[in-house]
Amino acid sequence: MHPGECHSVAQFSRSANSRSVELLPAQTRRAFTLIEIMMVLLILVVAGAVVAPNVLNMLRRQRLKSAAESMRIAWSRAHVKAMKTGRIQVFRYELNGNQFSLQPWTSGDEATEGESEATNGFGGTVEAPDATVETKKLEDGITFAAGEAKFQARASAVETSLQNAGTAEGGQWSRPILFYPDGSATDAYVIVSDLKQDAYRINLRGLTGTSQVSDEKKLDDLLAAIQPGEVTP
């Protein structure tokens, strides 16, 4: 055999062997079996079942915290609105419900400036607030579990008028919380709670008209901590 031919045969043999080596891994590959796929799906389902309750619980608690924060914001806006408009703002909420409202006191503002006027000693009548009532709701499942507002002589006329007028929406509505043009407000607090009995307390300090949200606690613990006659800590 010619030397060139021997060289060509040797190259062809090496090339064939190389292709065989290259094809070997591909030939040994195999697809996932049905059992393996089912095992992976089972692991994913179990992992989801473990993680899902924690995620849902986190979302629930975040919704409750947002509701408490929305109350603080609503009071802050009422505080600013009273000073900007020069008119008393009346805030109320539905006990064991999720509605709350804010409305300006259109007339009778002068009657709330002092105790003598609050009793309307001039023989007139205190007019009811106007029809501009801004009513909102907390998220579903979150309610006003408790609350209190400190009695003020200068607010008695407003409270009496609202009680006489009644509430079109029904339900048991709270004593009015008033925000005054001078920046002060009624000392008050509310507690918002969800179906799991987690709760927040929102405090309103009348002297400054500012509010603050407490740490999250169980509703029973917040109720047990309330002292008789206490409004703000």
Whether Ser70 side chain and Ala67 backbone form a donor-acceptor pair below 3.5 Å: yes
Can you see which heavy atom on Ala185 is nearest to which on Gln152, and at what distance? O-NE2, 3.9 Å
Nearest heavy-atom neighbours spanning Pro176 and Val90: CB-CG1, 3.7 Å
Smallest heavy-atom separation, Lys81 atom then Gln89 atom, equals CD-OE1, 3.7 Å
Show, in sequence, the C-alpha distance, side-chain angles and deciding distance for Arg175 and Phe151, and conclude whether the side-chain contact (heavy atoms from CB on, under 4.5 Å) test is met. CA-CA 9 Å; Arg175 169 176 288 172; Phe151 174 78; 3.5 Å; yes
Hey, any chance Trp75 and Met83 share a hydrophobic cluster, counting ILVMFWY side chains that come within less than 4.5 Å of each other, even indirectly? no
Please say whether more than 12 non-hydrogen atoms of neighbouring residues, nucleotides or ligands are located less than 6.0 Å from CG in Leu42. yes
Distance col, row Lys137:NZ vs Asn98:CG, nearest 0.5 angstrom, shows 6.0 Å
Flag yes if more than 12 heavy atoms outside Leu59 fall under 6.0 Å of its CG atom; otherwise flag no. yes
Apply the test side-chain contact (heavy atoms from CB on, under 4.5 Å) to residues Arg77 and Leu102: give CA-CA distance (whole Å), side-chain angles for both, the deciding distance (0.1 Å), then the verdict. CA-CA 10 Å; Arg77 287 176 176 172; Leu102 181 69; 5.9 Å; no
Hey, what's the ring geometry for Phe144 with Tyr93, parallel, tilted or perpendicular (30° and 60° as the breaks)? tilted
Checking the side chain of Lys218 only, and the main-chain atoms of Lys196 only, is there a donor and an acceptor separated by less than 3.5 Å? yes
Report the distance from atom CD of Glu148 to atom CG of Leu204, rounding to the nearest 0.5 Å. 13.0 Å
Inspect the surroundings of CG in Asp140 and state if more than 12 heavy atoms from other residues, nucleotides or ligands are less than 6.0 Å away. no
Are Ile88 and Pro181 packed together at the side-chain level, in the sense that at least one heavy-atom pair is separated by less than 4.5 angstrom? yes
Between Thr186 and Leu178 (side chain of the first, backbone of the second, donor and acceptor by atom type, cut-off under 3.5 Å), is there such a pair? yes
For the CD1 atom of Ile202 and the OG atom of Ser211, what is their distance to the nearest 0.5 Å? 8.5 Å
Arg60/Asp198 ion pair, N-O < 4.0 Å: yes
Return the CD to CG distance between Gln197 and Leu223, rounded to the nearest 0.5 Å. 9.0 Å
With the threshold set at 4.0 Å, does a side-chain nitrogen-carboxylate oxygen contact exist between Glu216 and Arg61? yes
Interatomic distance, Thr85 atom OG1 to Trp105 atom CH2 [nearest 0.5 angstrom]: 14.5 Å
Taking His79 for the side chain and Phe179 for the main chain, is one N or O donor matched with an acceptor at less than 3.5 Å? no
Please report the shortest heavy-atom distance between Ile226 and Leu222, naming the atom on each side. CG1-O, 3.3 Å
Take Leu64 and Val192 through the test side-chain contact (heavy atoms from CB on, under 4.5 Å) and record every step on the way to the result. CA-CA 8 Å; Leu64 177 61; Val192 294; 4.2 Å; yes
Mark yes or no for whether Ser66, through its side chain, and Gln62, through its backbone, hold a donor-acceptor pair below 3.5 Å. yes
With distance as the sole test, does Asp187 use its side chain to make a donor-acceptor pair with the main-chain N or O of Gly206 at under 3.5 Å? yes
Of the non-hydrogen atoms in Arg63 and Ile142, which two are nearest, and what is the gap between them? O-CD1, 3.7 Å
Greater than 12 external heavy atoms within 6.0 Å of Gln212's CD: no
Under 3.5 Å: donor-acceptor pair, side chain of Arg201, backbone of Ile191: no
Please determine if Glu134 and Lys136 form a salt bridge, counting it only when a charged side-chain N lies under 4.0 Å from a carboxylate O. yes
Under the side-chain contact (heavy atoms from CB on, under 4.5 Å) criterion, do Trp173 and Gln99 qualify, and how do the steps go? CA-CA 9 Å; Trp173 286 74; Gln99 298 185 86; 3.8 Å; yes
What are the two closest heavy atoms between Ala149 and Ile177, and how far apart are they? CB-CG1, 4.0 Å
